[in-house]
Protein chains: 2
Amino acid sequence: MSQLKVRVVSRSTLKRLPLYLHLLESLADQGLQNVSCTQIAEKFDFDPTQVRKDLEATGEVGTARIGFRTVSLIVKIKEFLGWNNAHDAFLVGAGNMGKALLGYKDFDRYGLNIVAAFDKDTRKVGSRIFNREVLPLVKLPNLAKRMHINIGIVTVPAEYAQEVVDLMVVAGIKAIWNFAPAPLKIPEGVILENARLTQSLAVLTNNLTKVLGDDGKDLEKN
Amino acid sequence: MSQLKVRVVSRSTLKRLPLYLHLLESLADQGLQNVSCTQIAEKFDFDPTQVRKDLEATGEVGTARIGFRTVSLIVKIKEFLGWNNAHDAFLVGAGNMGKALLGYKDFDRYGLNIVAAFDKDTRKVGSRIFNREVLPLVKLPNLAKRMHINIGIVTVPAEYAQEVVDLMVVAGIKAIWNFAPAPLKIPEGVILENARLTQSLAVLTNNLTKVLGDDGKDLEKN
DNA sequence: CCGCTATCGAGAAACTTATATCGAGAAAAA
DNA sequence: TTTTTCTCGATATAAGTTTCTCGATAGCGG
């Protein structure tokens with residue numbers, strides 16, 4: 001069937017892998033040949049066993065007393081995450097967040113290549129943001145089909161998010177990265193991943209409220 | 001002790017509360033007086049019991065056959081998250097992500113008020129971004145102390161993140177919202193929350209790799 | 001007025017994730 | 001060469017989270 005065997009792992013593991021990857025890349029830059037789970041774990045204050053389990057997902061095997069080959073591990077993680085060859089993506093909503101994503105240089109290293117931006121607002125249409133043209137939203141379906149776009153990024157206000165997503169689904173887009181704070185409905189088979197800043201902020205402000213309001217006991221770690 | 005009793009809840013619960021809040025606010029706008037956990041759960045494809053357990057954290061109690069009073073629940077969630085009265089924050093790193101955050105209008109609704117931006121780059125210093133002045137980084141410690149700033153937002157490249165954080169800690173900042181993909185060390189008592197887009201992206205691209213490479217079985221839900 | 005149904009809240013069970021333990025192998029030190 | 005130490009990988013235990021089950025309560029319909 002498929003040449004690439006992708007194991008099913010927990011979402012938590014999946015979210016730690018990019019952390020390891022960043023670290024490994026900087027270690028590789030420093031010329032480090034091998035790296036142990038213990039070393040990695042220390043950087044993040046994780047349990048070494050957890051790191052070992054996480055890395056197991058990539059299929060890379062280590063050697064006792066040595067650890068893992070740094071470059072080899074980097075390749076395997078990227079492969080596992082699908083970051084080896086970039087997927088083309090369309091972005092809808094050329095507001096602040098949209099612009100920030102368009103301007104983010106490193107996405108190509110993360111398997112993402114935003115090829116065009118779309119917006120409803122006719123004043124934005126026609127302009128260029130970080131060298132990508134802003135197109136009218138109505139052009140999305142045809143273009144997405146013709147260019148075989150798999151990823152759609154949603155950076156519109158919450159009230160328009162569902163209609164944008166519906167449009168993307170019709171256009172054959174398989175995976176949606178949503179930045180709008182709205183509960184979205186998608187059909188079976190389409191992948192939806194929510195990147196919501198407010199969730200992260202909620203954890204921060206709740207913790208802060210606890211330490212400020214009280215004398216700061218019972219704080220969860222990390 | 002403290003007048004506000006903040007229960008300790010799981011990180012997962014904490015991250016779902018903003019979702020409920022958004023929904024509740026739009027329901028309240030539509031004039032809905034009461035709302036049941038079942039209704040909320042349907043919108044997100046969650047288990048109703050989970051919603052009930054999550055809401056329990058806020059201290060609000062519901063009535064059988066009726067559910068919860070919408071407005072009252074909104075207030076309680078905001079209170080619990082510390083979103084009722086905004087905390088002042090400093091942002092360091094006036095790049096793309098920094099600009100996007102500075103331009104985000106709704107933060108005041110989420111208990112966050114970014115009062116100033118800082119940057120090392122002398123070309124950026126002195127300019128104004130969305131009506132906030134960009135100040136030289138060296139001015140941060142004194143200003144933060146004088147203004148009793150509790151929250152620091154880090155939107156600098158990974159290699160500068162640790163030094164920025166160290167500066168913030170010295171300046172008495174209690175909570176750090178980090179957007180840099182670097183493992184940061186902070187002293188006991190300081191809160192660190194990482195808002196990393198790459199983690200979310202990793203989940204997306206890994207899932208996409210699975211459905212594209214294979215015939216798409218064993219996909220995890222939401 | 002009396003069942004019927006929706007909903008809450010509490011406790012138990014099932015599931016998931018994280019941590020600890022242990023044996024084996026490989027390099028380094030004695 | 002032998003011993004020690006580090007690290008992997010596997011298994012087992014513990015902790016945490018979600019889902020299920022149940023009794024109680026409040027409105028609704030007959």
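Every chain is numbered from 1, with letters handed out A, B, ... down the list of sequences.
Listed by residue number, the members of residues 59-68 of chain B with any heavy atom below 4.0 angstrom from DNA chain C are Val61(B), Gly62(B), Thr63(B), Ala64(B), Arg65(B), Gly67(B), Phe68(B).
If you measure from atom CG of Leu73(B) to atom P of dC8(C), you get 10 Å, rounded to the nearest angstrom. Taking atom CG of Asp45(A) as the reference point, atom P of dT19(C) lies 11 Å away to the nearest angstrom. Atom CG in Leu55(A) sits about 13 Å away from atom P in dA10(D), given to the nearest Å. A straight line from CZ of Arg52(B) to C1' of dA24(D) spans 13 Å, rounded to a whole angstrom. Atom pair Arg16(B):CZ and dG16(D):P shows a separation of 16 Å (rounding to whole Å applied). One atom, CD of Glu56(B), and another, P of dT7(C), lie 18 Å apart when rounded to the nearest Å. Per the geometry, CZ belonging to Arg11(A) stands 12 Å off P belonging to dT18(D), to the nearest Å. To the nearest angstrom, P of dT18(D) lies 7 Å from CG of Asp54(B).
Note that the CG atom of Asn113(A) and the CG atom of Asp108(A) stand 7.5 Å from one another [nearest 0.5 Å]. Rounding to the nearest 0.5 angstrom, the gap separating the CG atom in Leu24(B) from the CG atom in Asp29(B) is 11.0 Å. A distance of 14.0 Å separates NZ in Lys76(B) from CG in Leu21(B), rounded to the nearest 0.5 Å. Rounded to the nearest 0.5 angstrom, Lys99(B) NZ and Leu91(B) CG are separated by 12.0 Å.
When each of Gln39(B) and Gln50(A) is assigned the nucleotide of DNA chain C bearing its nearest heavy atom, the one mapping closer to the 5' terminus is Gln39(B). Residues Lys53(B) and Thr13(A) both approach DNA chain C. Their nearest nucleotides, taken by heavy-atom distance, put Lys53(B) toward the 5′ side.
When all heavy atoms of Cys37(A) and Leu55(A) are compared, the closest pair comes out as SG-CD1, 4.0 Å.
For dG16(D), the OP1/OP2 oxygens have no side-chain nitrogen or oxygen of Ser10(B) closer than 4.0 Å.
Between Arg16(B) and Phe46(B) the shortest side-chain heavy-atom distance falls below 4.5 Å.
Aromatic ring orientation, Tyr104(B) versus Tyr110(B): tilted (interplanar angle from 30° to 60°).
Within 4.0 Å (heavy atoms only), Thr49(A) reaches at least one base atom of the nucleic acid.
Between the two ends of the helix from dC1(C)-dG30(D) to dA30(C)-dT1(D), each summarised by a five-pair axis, the helix axis turns through 0° (rounded to 10 degrees).
Distances were taken from every side-chain heavy atom of Cys37(A) (C-beta onward) to each of dC8(D), dT17(D), dA18(C); the shortest belongs to dC8(D).
Under the side-chain hydrogen bond (donor to acceptor under 3.5 Å, both in side chains) criterion, Asp166(A) pairs with Gln162(A), sequence neighbours left out.
Looking at Asn84(B), Thr58(B), Asp54(B) one by one, the single match for side-chain contact (heavy atoms from CB on, under 4.5 Å) with Ile77(B) turns out to be Thr58(B).
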